[in-house]
There are 2 protein chains.
Amino acid sequence: MAVTIRDVARASGVHVSTVSRTFSAPHLVNAETRTRVLAVAEGLGYRPNRAARALTTGRTHNLGLIVADIANPFFPPLIKAAQAQARERDYHVFVADTDEDPLLEQELIETLCKQVDGVLLCSPRLSNRVIERLRAQVPFVVVNRRLKGLTTVLMDVGQGAGVAVEHVAGLGHRRMALLTGPAGSWTSGEIRQAATDRTAELGVELTVIGPNEPTEHGGLAAAQAVAASGVTAVLCYNDLVALGLIEGLRERGVDVPGDVSVIGVDDSLPGRLSRPKLTTITMPTAAAGRMAVDLLLATIAGPAAGAPPRTTVRLETGLLIRESTQRVSSS
Amino acid sequence: MAVTIRDVARASGVHVSTVSRTFSAPHLVNAETRTRVLAVAEGLGYRPNRAARALTTGRTHNLGLIVADIANPFFPPLIKAAQAQARERDYHVFVADTDEDPLLEQELIETLCKQVDGVLLCSPRLSNRVIERLRAQVPFVVVNRRLKGLTTVLMDVGQGAGVAVEHVAGLGHRRMALLTGPAGSWTSGEIRQAATDRTAELGVELTVIGPNEPTEHGGLAAAQAVAASGVTAVLCYNDLVALGLIEGLRERGVDVPGDVSVIGVDDSLPGRLSRPKLTTITMPTAAAGRMAVDLLLATIAGPAAGAPPRTTVRLETGLLIRESTQRVSSS
DNA sequence: CTCAGGACTGCAACCAGTTGCATGAAACAC
DNA sequence: GTGTTTCATGCAACTGGTTGCAGTCCTGAG
């Protein structure tokens, strides 16, 4: 039913291989023949079948993009950028959501890998050991997870967290809390490390509360502990947790930023539109998405193409000061 | 390099066709042989190649999901649900973002259609004529667009909009504005129709402002016009527009809900986390995603499978009253 | 005039599966 | 004991492209 290369061949009076070459190796066919074949193909509405092509070439021109939770506002900008960049390079992308479940993540990778040339793992919850085993099956690029021997794109959230601590200390706060994220999260570990180091240097007392669910519910649930801890500033795993926390504090009569300053991470849409506008650590999600796709394609092309086989790209983060942080009240 | 059906056949001493059948038609092979083949396959780490299978069966077991803008918080829950439902049915899904560009949308459908068994079009910006032409190439299910002869899933936003108008009227408002969305949007048209009808019935004066960009910028940009119009209530195309509007009004010293009541559409994350919490029309996005996938699969299976060839499913919406609407001030 | 080389194009095998048909053996009925 | 099913499996063609090899024709050098 669909028009194939053979239909085009018949209609233009050449062999199928010539038609094939007009599309995949145009320089090998006579200019005149080429234009004729192209005209016929156009007329018939021929579109090459990528699956069939993949069978011989071993290149599907598809990528897999695996994220923990599509609904988490951190991911959509990354997905959008990755997908746009891929299309630019003539690749399509499968998007899969693991629901924060490592087993599902693994299963997904295994079923997907036959259909894709490479997989982008964003903030994986999988253990390093499993990733190590899976990388034999398909090229990987990992976002926000450190893995030696693998190409990774990291958002240097530790740097931003350090700046955030400085900001808070500069406002006179002496006791702060950190709401951590899920146990397997590299980002959470980085934030924690940086916060621990920087608070120690600056003589700020740090209370670590967590792990917390990476959503507004996590923040809401932690409000009690935060209120009880007596801190005047809180750094949260992400914007959602921060917004949930602010909500929870408000319910307890604690004002943000009047009584407690709150900082999020991601610079996501809800934080931009909330009230008070959230002071947050900006994450270069779109850049990371684009970069990850390009690195993945380079990895696929192979070391022959001059691509360094393994790279670690660190992208800068920053602190965006808005309304949820304030000089400590002199009470 | 990858282990194929022939490797399994060789290792288990049967013909490739027997191996093929153990996977795609197990009842045709002897139980004993089957278990042996399965054991060998497991041992070798064999995974069927879906692309190769697709070549003969014509079924790729892939779906395409096309949305206008992944970063718009309306879509992620829908994508998440659709993708989860598809996986449940052993389908993978390509997600593509059209950047609200009809041409890109068309191009995307055309390149994707050879690789998928069906396409889910969410809030398409494409003209009906083009969709009509493309449907010959690949089965469609359309979300939030009315198209005769095509299976569609509609969120009955008109109903919700009617209830919203009643709510506002019940609070004593006599002059309200409607901020419409993009020109091609079916949803926007539905809201407008319902708002026009219901305000007329209830003796409320309606000012229509638009089209507006479907983001917070659209709302921000419309704030001037709203402030100048003298209305005391505004129904917005979506939550983002509503939040942008609230922000813009605040900049002009207009309080929400004190001076003006604002209602959004979508019940998206930012609206839940904003301040005041947004009164909004709830959209059954997750249900729509799941339903659309099931209808698409039914369409693919063909009328032979007992599926009605064309269906229109209308899902109910509702009004979620939170903090951004208030009884009109008696000034 | 001959021969080498290059530019095009056709031929046919191949990719990893699926499937209609044929074959063979066992089970069953008569 | 023969004929008929039934079950399990093998054979080979087929899906839609790609690609190494070979053949043809043409051009230019010697």
Side-chain angles (χ1 to χ4, degrees), chain A residues 1-38 40-41 44-62 90 110-117 137-138, chain B residues 1-38 40-41 44-62 90 110-117 137-138:
Chain A
M1 48 163 183
V3 27
T4 79
I5 206 175
R6 288 165 226 268
D7 299 324
V8 177
R10 204 171 311 124
S12 49
V14 297
H15 194 263
V16 290
S17 56
T18 302
V19 179
S20 171
R21 277 189 276 256
T22 46
F23 288 96
S24 51
H27 60 282
L28 288 180
V29 18
N30 182 290
E32 201 178 320
T33 316
R34 193 194 319 152
T35 52
R36 184 158 45 89
V37 170
L38 285 176
V40 172
L44 263 50
Y46 168 74
R47 290 267 167 176
N49 181 327
R50 284 165 170 242
R53 177 179 296 176
L55 210 48
T56 40
T57 61
R59 288 280 117 91
T60 62
H61 266 243
N62 292 147
D90 198 25
E110 288 180 348
T111 61
L112 219 43
C113 71
K114 276 282 171 30
Q115 290 193 87
V116 301
D117 296 340
Q137 315 225 5
V138 61
Chain B
M1 47 162 182
V3 27
T4 79
I5 205 175
R6 287 163 225 270
D7 299 325
V8 177
R10 205 171 309 124
S12 49
V14 297
H15 194 262
V16 290
S17 55
T18 302
V19 178
S20 172
R21 279 188 274 257
T22 48
F23 288 97
S24 51
H27 60 282
L28 288 180
V29 18
N30 181 289
E32 200 179 320
T33 316
R34 193 194 318 153
T35 51
R36 184 158 45 88
V37 170
L38 285 175
V40 171
L44 263 50
Y46 168 74
R47 289 266 168 177
N49 182 327
R50 283 165 170 244
R53 177 178 296 176
L55 208 49
T56 42
T57 61
R59 287 279 117 91
T60 62
H61 266 241
N62 291 148
D90 198 26
E110 287 180 347
T111 62
L112 220 43
C113 70
K114 276 281 173 30
Q115 290 193 89
V116 300
D117 296 339
Q137 316 224 4
V138 61

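By convention in this document, chain letters (A, B, ...) are assigned in the order of the sequence lines, proteins followed by strands, and residues within each chain are numbered from 1.
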Just the rounded figure in Å: distance from [atom2] of [N] to [atom1] of [X].
X: Glu32(A); N: dA7(C); atom1: CD; atom2: C1'; answer: 14 Å
X: Arg34(A); N: dA7(C); atom1: CZ; atom2: C1'; answer: 13 Å
X: His15(A); N: dG16(D); atom1: NE2; atom2: C1'; answer: 13 Å
X: Arg50(A); N: dT18(D); atom1: CZ; atom2: C1'; answer: 16 Å
X: Asn49(B); N: dC14(C); atom1: CG; atom2: P; answer: 18 Å
X: Asn30(A); N: dC8(C); atom1: CG; atom2: P; answer: 5 Å
X: Leu55(B); N: dT18(C); atom1: CG; atom2: C1'; answer: 10 Å
X: Arg36(B); N: dA8(D); atom1: CZ; atom2: C1'; answer: 12 Å

Practice task
Taking Ser20(A) for its side chain and Val16(A) for its backbone only, find out whether a donor-acceptor pair lies under 3.5 Å.
Solution key: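 Between the backbone of Val16(A) and the side chain of Ser20(A) there is no qualifying donor-acceptor contact (under 3.5 Å).
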Practice task
Indicate yes or no for a side-chain donor-acceptor contact from Arg50(B) to the backbone of Lys114(A) under 3.5 Å, with no hydrogens or angles considered.
Solution key: no
Completion exercise
Looking only at dC11(D), dC8(C), dT9(D), the nucleotide nearest the Ser17(B) side chain is dC11(D)
Problem - Closest nucleotide among dT9(D), dT9(C), dG17(C) to the Tyr46(B) side chain - result: dG17(C)
Handout entry: Distance-only donor-acceptor test (3.5 Å): side chain Arg21(A), base dG10(C)
Key =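 Flag set: donor-acceptor pair detected.
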Practice task
Spell out yes or no: do the side chain of Arg6(A) and the base of dG16(D) have one donor N/O and one acceptor N/O closer than 3.5 Å?
Solution key: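 Under the 3.5 Å cut-off, the side chain and the base do form a donor-acceptor pair.
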Reckon [X] touches a base, only the sugar-phosphate, or nothing at all at heavy-atom distances under 4.0 Å?
X: Arg59(B); value: nothing
X: Ser24(A); value: sugar-phosphate
X: Thr18(B); value: sugar-phosphate
X: Val19(B); value: nothing
X: Thr4(B); value: sugar-phosphate

For the student: nearest non-hydrogen atoms of [X] and [Y], plus distance:
X: Gly45(A); Y: Val3(A); answer: O-CG1, 3.7 Å
X: Ile5(A); Y: Tyr46(A); answer: N-CE1, 3.6 Å
X: Thr22(B); Y: Pro26(B); answer: O-CG, 3.7 Å

Handout entry: Residue mapping more 5' on DNA chain D - nearest nucleotide basis, Ala52(B) or Leu28(B)
Key =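 That would be Leu28(B).
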Completion exercise
Comparing nearest nucleotides in DNA chain D, the 5'-proximal residue of the pair Pro48(A), His27(B) is His27(B)
Under 4.0 angstrom between [X] side-chain N/O and [N] OP1 or OP2:
X: Thr33(A); N: dT9(C); answer: yes
X: Thr56(A); N: dT19(D); answer: no
X: Thr57(B); N: dT18(C); answer: no

Exercise for the section: Answer whether the closest heavy-atom distance between the side chains of Thr4(B) and Asp7(B) falls below 4.5 Å. Expected result: yes
